[in-house]
Amino acid sequence: MKNKKHLFIIIALVLLVTAPLVATSIYEPTTDAYAQTAEPFMGTSTRVMGMGGAGLGITGYYDSFLLNPANLGSGGLKISIPAITVTAFNPSAILESGMFEALDEGSLVEAAQDFLGVIGKNYGDVLTTDVSFVLGLGNFGLGLEAQERLMSYKTSADLTSTNLIAQVTMAATAGLGFRINAIPDVMSIDLGVSGKAIYKMYLEKQSASSITEMLGDDGADPLDSYLNDVPLIAGYSFPVNVGMNLNFPLGLTLSAVARNFNGTYYMSTYQSINDWSKEVLGESFVDDTNSDPFTSETFTTDAGWSLNGGLTWAPKLGALLKPIISVDVLDIMGLADLSEAELQRAFFERTHLGASVRLLSILDLRYGLSQGYQSFGVGFDLLIFHLDAAYYTMEYGDQIGSKPIDAVSLRFSLLSR
């Protein structure tokens with residue numbers, strides 16, 4: 001009996017000592033609700049999404065080097081100051097939901113219920129807004145990006161299981177590329193590298209009930225409650241991308257891009273936005289009214305690096321007509337250890353096809369195919385103004401067809417194409 005008592009004490013001590021070593025934050029991406037926060041940052045490119053997500057080897061656009069730093073090897077001047085992109089998800093379902101009719105009738109509760117009803121189970125996106133300033137000067141590229149992303153996670157079909165996660169990401173990218181004329185008139189090689197400095201913040205998931213409780217507390221200002229009571233997770237990363245293009249006659253280009261080297265995020269948790277502001281910025285937004293105990297935690301997360309390949313055909317047919325066909329295969333290294341049946345399915349899932357044609361240097365028409373889902377895009381130039389629009393579908397489920405979500409992106413910019 002005495003031996004059993006000693007054994008129990010030893011086990012208890014071991015658990016007390018090792019528990020802090022294996023404990024994880026509830027806000028880590030390994031927690032189901034926050035899985036999407038671990039995704040490597042990539043600003044929304046309406047041009048690329050209108051082409052089914054393809055375009056590794058397409059040069060001449062303001063955001064070409066953000067997709068592949070080797071595209072800086074072609075040189076030239078590209079300016080976009082500024083560009084604003086708004087992406088709304090589930091537009092078809094929202095239009096059919098009756099939400100706008102409820103808003104016209106002044107029924108905010110019914111409109112909110114209609115909106116929440118279009119959000120499907122598991123992961124999804126609700127709204128994304130991007131603001132960017134991009135400069136390509138010869139073989140050097142510089143980009144400043146900020147993105148607001150509202151994500152969703154739903155555990156069941158019930159409306160009350162809906163969780164919304166707000167994330168803000170800021171990134172500064174510097175890229176350098178150059179061209180080597182390996183075999184004159186036969187093959188040239190473009191090499192490029194880019195580095196990003198990224199700062200990412202996301203709030204604790206908010207459910208319909210938590211928001212209702214916050215708004216329904218008569219004894220507190222909802223804004224003060226939001227700034228003082230909702231935990232914030234923030235951190236930084238310095239990923240590196242490396243790219244190469246092999247350029248051949250007739251406008252053929254083979255591309256390879258290794259993305260997200262050194263992509264580890266170093267994250268910290270804060271009691272609230274106000275607490276983060278005091279610690280990071282040195283000043284508060286409002287008076288701190290939260291007296292609840294909170295233990296700050298740190299953790300790291302890394303989605304790993306990926307190798308992507310592409311084939312682009314961009315024949316030069318003159319100024320009146322400029323066609324482009326692009327085929328990209330993402331995460332090539334992930335195909336290595338798959339069986340034949342798995343390989344066929346994975347290859348189809350990771351292949352993106354796109355085509356575009358530029359007419360009279362004014363109008364771009366785009367079409368794409370990704371995972372069997374079609375996409376459509378258009379770009380229009382008017383003096384210094386440029387407008388891009390794209391309608392596309394992405395798969396959020398474990399397999400194709402399990403959870404497709406459609407989206408529409410609108411981008412407005414100055415001094416760019």
Side-chain angles (χ1 to χ4, degrees), residues 40-45 47-49 51-80 132 134-145 171-198 238-263 304-316 322 324-334 350-356 416-417:
F41 172 73
M42 188 69 188
T44 304
S45 173
R47 173 183 65 86
V48 172
M49 299 314 297
M51 295 181 63
L56 286 178
I58 298 178
T59 62
Y61 288 86
Y62 83 99
D63 58 352
S64 294
F65 87 93
L66 296 175
L67 198 65
N68 178 4
N71 290 332
L72 289 168
S74 63
L77 177 66
K78 298 98 177 176
I79 304 176
S80 178
S132 64
V134 181
L135 171 65
L137 185 61
N139 300 119
F140 176 75
L142 177 65
L144 301 175
E145 302 170 273
T173 305
L176 182 65
F178 59 93
R179 173 166 290 181
I180 302 172
N181 288 314
I183 305 176
D185 300 324
V186 176
M187 184 182 73
S188 63
I189 303 173
D190 293 331
L191 300 175
V193 61
S194 66
K196 287 180 179 286
I198 301 176
F238 299 101
V240 175
N241 300 330
V242 179
M244 179 179 69
N245 291 334
L246 301 180
N247 307 302
F248 300 96
L250 304 177
L252 286 173
T253 299
L254 285 174
S255 303
V257 182
R259 301 186 60 84
N260 206 47
F261 286 116
N262 193 49
W305 70 279
S306 63
L307 178 63
N308 308 320
L311 172 64
T312 303
W313 181 47
K316 296 180 180 179
K322 295 182 179 179
I324 299 175
I325 297 176
S326 181
V327 182
D328 293 349
V329 180
L330 306 185
D331 193 15
I332 296 175
M333 300 297 292
R350 301 178 190 187
T351 300
H352 301 259
L353 300 92
S356 72
S416 69
R417 52 170 293 196

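By convention here, the first residue in the shown sequence is residue 1. Below, each value reflects all heavy atoms present in this structure, side chains not excepted, and no hydrogens, waters or symmetry copies.
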Please identify each residue that fulfils ring-ring contact (aromatic ring centres under 6.0 Å, His included) with Phe261, with sequence neighbours left out.
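Phe261 satisfies ring-ring contact (aromatic ring centres under 6.0 Å, His included) with Trp305 once adjacent residues are dropped.
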Does Phe140 have any ring-ring contact (aromatic ring centres under 6.0 Å, His included) partners at least two apart in sequence or in another chain, and if so, which?
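By the ring-ring contact (aromatic ring centres under 6.0 Å, His included) rule, Phe140 matches no residue at all.
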Taking every non-hydrogen atom, the tightest pair across [X] and [Y]:
X	Y	result
Thr173	Lys196	OG1-NZ, 2.8 Å
Phe65	Gly175	CE1-N, 4.2 Å
Pro40	Asn260	CG-ND2, 3.9 Å
Ala172	Leu144	CB-CD2, 3.7 Å
Pro239	Gly263	CB-CA, 4.1 Å
Ala54	Gly354	CB-N, 3.9 Å

Please evaluate residues Thr351 and Asp328 with respect to the criterion side-chain contact (heavy atoms from CB on, under 4.5 Å), reporting the C-alpha separation (whole Å), side-chain torsions for both, the decisive distance (0.1 Å), and the verdict.
CA-CA 6 Å; Thr351 300; Asp328 293 349; over 6 Å; no
Heavy atoms, side chains only, cut-off 4.5 Å: are Val257 and Val242 in contact?
no
Indicate yes or no: at least one non-hydrogen side-chain atom of Leu250 is less than 4.5 angstrom from one of Lys316.
no
Quick check against the 3.5 Å criterion: does [X] have a side-chain atom that pairs as donor or acceptor with the backbone of [Y]?
X	Y	result
Arg350	Ile332	no
His352	Gly52	yes
Ser326	Gly55	yes
Asp190	Met244	no

Measuring from [X]:[atom1] to [Y]:[atom2], what's the distance to the nearest 0.5 Å?
X	Y	atom1	atom2	value
Asn308	Asp331	CG	CG	7.0 Å
Phe248	Asp185	CZ	CG	14.0 Å
Thr59	Asn71	OG1	CG	6.0 Å
Ile324	Ile58	CD1	CD1	4.5 Å
Phe178	Ile189	CZ	CD1	9.5 Å
Leu176	Leu142	CG	CG	12.5 Å

Would Glu145 and Phe41 count as a side-chain contact (heavy atoms from CB on, under 4.5 Å) here? Give the steps.
CA-CA 10 Å; Glu145 302 170 273; Phe41 172 73; 3.9 Å; yes
Test side-chain contact (heavy atoms from CB on, under 4.5 Å) applied to Ser306 and Met333, step by step
CA-CA 7 Å; Ser306 63; Met333 300 297 292; over 6 Å; no
Checking Ser45 now: which residues fulfil side chain to side chain donor-acceptor pair (under 3.5 Å) with it, not counting sequence neighbours?
Asp63
Given side-chain contact (heavy atoms from CB on, under 4.5 Å), test Arg259 with Ser194 step by step and report yes or no.
CA-CA 10 Å; Arg259 301 186 60 84; Ser194 66; over 6 Å; no
side-chain hydrogen bond (donor to acceptor under 3.5 Å, both in side chains) with Thr253: which of Thr312, Asn245, Asn247?
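With Thr253 as partner, side-chain hydrogen bond (donor to acceptor under 3.5 Å, both in side chains) holds for just one option, Asn247.
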